[in-house]
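Reviewing the structure listed below.
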2 protein chains.
Amino acid sequence: MLIEIDFNSEEAIYVQLRNQIIVAIATSQLKNGESLPSVRNMADDIGVNMHTVNKAYSSLRQDGFLKVDRRRGAVVSVDIDKINSLNKMRCLLKPLIASGIVKGVSRDEVKKLIDEIYDDME
Amino acid sequence: MLIEIDFNSEEAIYVQLRNQIIVAIATSQLKNGESLPSVRNMADDIGVNMHTVNKAYSSLRQDGFLKVDRRRGAVVSVDIDKINSLNKMRCLLKPLIASGIVKGVSRDEVKKLIDEIYDDME
DNA sequence: CGACTGTTATATCATCAATATAACAGTTAG
DNA sequence: CTAACTGTTATATTGATGATATAACAGTCG
């Protein structure tokens, strides 16, 4: 698993890590049942503190992307929760689309963007 | 202009204010050339500090949603910048859609969501 | 037993969100 | 002209959060 952290980004490190793991699951680079590197190994790999990795893993567990097995560590295990996921998307999408409307982005252009991102991942 | 701040939200007050103003512009509740309440009045209205409002207004000015006229205060004045807007959307959409894919949300369901949000606003 | 796993507890430091008080330079109505 | 308003800036404080560091604990496994 290749993780790239941008230390100059305004986005928190644990959020970057979290998002990249989600993308890796979405693109099947990480498959259901697969183990992630231990918090200490991952921390060494990307050059951050153990607790920063732990925070990302805990957040992913909380949101139903992985479970923790005493023997195998953090294991990808997705809880499908489409309704909850759609609700979260709606909340985040609303201000994003409002901004797009104001800036002259059409409905079809957004949909085209959606297609591009889906095509990149699936 | 009706502004509703959720003081229990994890979202920063100035971000809530910012987003609600953008939505108001998108839905034509606020029109180009219209003045916003002064930072002090808005602060009194919604029960927050003047600087919190100033931060929201400054951020909106920085991102090309309004300009400041010494005489008329903060005035809605949108800089159309579609390309930049699309790029920002792409960055924010990627992790959002990745999460959706993992949680079983289909491409068409996202597009349906986009339609709903656009219909609500336009 | 020893090396590993996640987890938890502290502590420190920097940054940021929010508040408060205060002042300054324009603008505008009385 | 004065007084009341506008945005803007400066400074300070408080609380929350991100990231780091060191340390320990309990479970697992070769």
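Residue numbers start from 1 in every chain, and the chains themselves are labelled A, B, ... in the order their sequence lines are given, proteins ahead of strands.
- Between A/Leu36 atom CG and C/dG6 atom C1' the separation is 13 Å, expressed in whole Å.
- At least one side-chain nitrogen or oxygen of B/Tyr14 sits closer than 4.0 Å to the OP1 or OP2 atom of C/dA17.
- Where A/Glu11 and B/Arg40 each meet DNA chain D at their nearest nucleotide, the meeting point lying more 5' is that of B/Arg40.
- Between atom CD1 of residue B/Ile5 and atom CD of residue B/Glu11 there is a gap of 9.5 Å, rounded to the nearest 0.5 Å.
- Distance CD (A/Gln62) to C1' (C/dT7): 15 Å, rounded to an integer number of Å.
- The CD1 atom of B/Ile5 sits 10 Å away from the P atom of C/dT19 (whole-angstrom rounding).
- Enclosure of atom CD in A/Gln62 is not indicated, since only 12 or fewer non-hydrogen atoms of other residues, nucleotides or ligands lie within 6.0 angstrom.
- Toward the 5' end of DNA chain C, the nearer of the two residues A/His51 and A/Asp69, judged by each one's closest nucleotide, is A/Asp69.
- Going from atom CE of B/Met42 over to atom C1' of C/dT19 covers 18 Å, rounded to whole Å.
- With respect to A/Asp119 and A/Lys112, no salt bridge is recorded, no charged nitrogen being found less than 4.0 Å from a carboxylate O.
- Contact annotation: A/Ser38 does not reach the phosphate of C/dC4 (side-chain N/O to OP1 or OP2, under 4.0 Å).
- When the side-chain nitrogen and oxygen atoms of A/Asn49 are compared with OP1 and OP2 of D/dA19, none of them lie within a distance under 4.0 Å.
- Proximity of B/Lys55 to the phosphate of C/dA17: a side-chain N or O atom is located under 4.0 Å from OP1 or OP2.
- Across all strands shown, A/Arg72 has no heavy atoms under 4.0 Å from either base or sugar-phosphate atoms.
- In this structure, B/Thr52 reaches the C/dT19 phosphate: one of its side-chain N or O atoms is under 4.0 Å from OP1 or OP2.
- Rounded to whole Å, the distance from CZ on A/Arg18 to C1' on D/dG18 is 16 Å.
- Here A/Ile25 contributes atom CD1 and B/Ile101 contributes atom CD1; the two are 11.5 Å apart, rounded to the nearest 0.5 Å.
- A salt bridge links B/Asp63 with B/Arg18: the closest approach of a Lys/Arg side-chain nitrogen to an acidic carboxylate oxygen falls below 4.0 angstrom.
- Atom pair A/Phe7:CZ and D/dG18:P shows a separation of 16 Å (rounding to whole Å applied).
- OP1 or OP2 of D/dT8 has at least one side-chain nitrogen or oxygen of B/Arg61 nearer than 4.0 Å.
- Put simply, NZ on B/Lys67 is 19 Å from C1' on D/dT8, counting in whole angstrom units.
- In this structure, A/Asn54 does not reach the C/dT8 phosphate: none of its side-chain N or O atoms is under 4.0 Å from OP1 or OP2.
- Among the nucleotides C/dT8, C/dG6, C/dA18, the one closest to the side chain of A/Met50 is C/dT8.
- Between A/Glu10 atom CD and D/dT17 atom C1' the separation is 16 Å, expressed in whole Å.
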